[in-house]
Amino acid sequence: MTDELTTEVYYDDDADVSHVTDETVAVLGYGSQGHAHALNLHDSGVDVVVGLRKGSSSREDAKASGLTVKTPDVAAAEADRVVMLVPDTVQPAVYEAIQDGLEPGDTLQFAHGLNIHYGQIEPQEGVDVTMVAPKSPGHLVRRTYDRGEGTPGLIAVYQDATGDAKEGALSYAKAIGCTRAGVIETTFKEEVETDLFGEQAVLCGGVTEMVKVGFETLVDAGYSPEMAYFECLNELKLIVDLMYEGGHMEMWNSVSDTAEYGGLTRGEEVINREGMEKILEEIQNGEFTREWILENQAGRPSYKQYREAEQEHEIEQVGAGLRELFSWGEQQEETEAPADD
Ligand code: NAD
Ligand code: MG
Ligand code: MG
Ligand code: MG
Ligand code: MG
């Protein structure tokens, strides 16, 4: 067994924060990632200006935290590095509004590669195009930084006009705390395709579907919805915690031998590998992204329908009731981002 990694990990000593402390950085958006990046940069001594629309409810928040707020076009024009932290679906429109403020030698930076990789934003020549993506929700990016720690992150370079694009990305990663935990280099293509695959096939789509169908199978066979909820949803957290701490073996070592034998011999039955490969193919050939762009242009009709069906599923009603009756004894970690507009 080896624990050698196939990729280099960058830490604080590999990055020079003066690259970004010499810049003015425009952080566009003040949501989950935006507030965390802006505040961490500010505390690291970077000259930050937050770009928000007039009337955005986040403006007061940002100002109350001591940050300078301007409209996105003005912020971008003043800045040497423009960081796109508005929702992925509105980034192309925001780019239209700010692109004239990008001069040769400036950097356009993302935290997710969707719009660049699928050609929804085609940046001009002469600017560096990079990514710095914490592998964590924004509130943890902020909270860990405050404690002198950090969250792991990714960097990538799509366009290197200055020859310094990677150095700049590492410097930014240091200023928001990511190199305290470790940063690895990827490409826009790899980041987007693996991110979409993970959330669709495993983390968000795969897991919820498995939980729902497991619940339905038990309930349809006459078992009580409460028992089905505990077995198929509530216990999931305990299993995931063990996997997170020590991989599959830690989990298998902690459950009973019966659970281990049953799981090892039966798990395969529920997974559809061909379905996963189809999901990956539709990500790679752009079919998923095309569908999502059209869905947005049409006002999200299917998205709303799917959400409604999810909300009305029996597991939601049973779960809400049970979570109220039982105290699971530990304070849930706060997970909300600051209020959006
Ligand atoms: P968010 O939805 O939490 O926040 C979006 C912000 O943009 C809000 O402050 C909103 O007021 C502002 N905004 C919305 N429309 C705007 C407009 N037209 N003009 C100006 N501002 C506007 O977004 P987020 O989850 O922080 O995502 C930002 C980027 O970070 C995305 O590319 C996302 O993929 C990436 N990312 C997110 C996470 C995460 O955990 N949330 C993790 C890694 C990367
Ligand atoms: Mg500029
Ligand atoms: Mg992801
Ligand atoms: Mg994602
Ligand atoms: Mg059990």
Side-chain angles (χ1 to χ4, degrees), residues 26-40 49-65 67 69-76 82-99 101 108-118 120-121 129-144 150-156 158 169 172-173 176-178 181 183-184 186 188 190-206 279 283 288-289 292 296 333-341:
V27 172
L28 307 185
Y30 200 70
S32 176
Q33 291 294 320
H35 91 284
H37 289 222
L39 292 171
N40 291 4
V49 46
V50 175
L52 284 169
R53 292 165 296 176
K54 286 215 167 75
S56 162
S57 63
S58 310
R59 283 185 152 243
E60 290 315 311
D61 260 4
K63 282 186 194 159
S65 300
L67 297 167
V69 180
K70 301 196 172 165
T71 55
D73 56 326
V74 173
V82 178
V83 189
M84 272 282 184
L85 298 176
V86 300
D88 295 298
T89 48
V90 311
Q91 287 181 10
V94 170
Y95 177 73
E96 290 291 313
I98 62 102
Q99 61 178 332
L108 176 63
Q109 189 176 294
F110 294 85
H112 180 39
L114 189 91
N115 285 296
I116 290 289
H117 180 63
Y118 292 108
Q120 299 307 296
I121 292 176
V129 181
T130 61
M131 174 167 22
V132 177
K135 292 308 285 173
S136 159
H139 72 282
L140 282 179
V141 175
R142 179 59 185 157
R143 195 192 300 160
T144 54
T151 57
L154 303 175
I155 58 160
Y158 177 77
Y172 185 98
I176 63 169
C178 287
V183 166
I184 62 177
T186 182
F188 275 61
E190 183 179 63
E191 185 272 337
V192 179
E193 292 178 353
T194 56
D195 183 69
L196 292 177
F197 180 79
E199 65 202 20
Q200 292 175 22
V202 183
L203 305 174
C204 308
I279 289 171
I283 289 166
F288 168 76
T289 302
W292 178 222
N296 276 284
E333 285 240 69
E334 163 228 346
T335 52
E336 316 89 61
D340 208 342
D341 13 339

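Because the structure is a prediction, the values reported are computed rather than measured. As the structure lists them, so they are numbered: ligands from 1, and atoms in each ligand from 1.
Which parts of ligand 1 touch Ala111 is read off a 4.0 Å heavy-atom cut-off, strictly below it: atoms 30 (O), 35 (C), 44 (C). Which parts of ligand 1 touch Gln91 is read off a 4.0 Å heavy-atom cut-off, strictly below it: atoms 31 (C), 32 (O). Remark: ligand 1 atoms within the under-4.0 Å shell around heavy atoms of Val90 are 15 (N).
Within the structure, the closest approach of Pro134 to ligand 1 falls below 4.0 Å when heavy atoms are considered. Not a single heavy atom of Leu28 lies less than 4.0 angstrom from ligand 1.
Tyr172 places none of its side-chain heavy atoms less than 4.5 Å from the side chain of Thr130. Looking at heavy atoms from C-beta onward, Asn115 lies out of side-chain contact with Tyr95 at the 4.5 angstrom threshold. With contacts defined as side-chain heavy-atom distances shorter than 4.5 Å, the pair Gln33/Val141 qualifies.
Glu193 and His117 are linked by a side-chain donor-acceptor pair at a separation below 3.5 angstrom, with hydrogens and angles left out of the test.
The distance from atom CD1 of Ile121 to atom CD of Glu96, rounded to the nearest 0.5 Å, is 9.0 Å. Between Arg53 atom CZ and Thr71 atom OG1 the span is 12.0 Å, to the nearest 0.5 Å. Note that the CG atom of Asp61 and the CG atom of Leu67 stand 10.0 Å from one another [nearest 0.5 Å]. Rounded to the nearest 0.5 Å, atoms NE2 (His35) and CZ (Arg142) are 7.5 Å apart.
Counting heavy atoms under 4.0 Å from ligand 1, residue Ser58 touches it through the side chain alone. Contacts between Val94 and ligand 1 below 4.0 angstrom, taking non-hydrogen atoms only, involve the side chain exclusively. Counting heavy atoms under 4.0 Å from ligand 1, residue Val86 touches it through both backbone and side chain.
Atom CZ of Phe197 has more than 12 neighbouring heavy atoms from other residues, nucleotides or ligands inside a 6.0 Å radius.
Across the listed options Met84, His35, Met131, Arg53, Arg53 owns the non-hydrogen atom lying nearest to atom 16 (C) of ligand 1. Heavy-atom proximity to atom 4 (O) of ligand 1, evaluated over Gly34, Gly31, Ala133, is greatest for Gly31.
Between His112 and ligand 1, a contact under 3.5 Å exists for no N or O pair.
The N, O or S atom of Glu199 lying closest to the Mg ion (ligand 4) is OE1. Counting just the N/O/S atoms of Asp195, the one with the shortest distance to the Mg ion (ligand 4) is named OD2.
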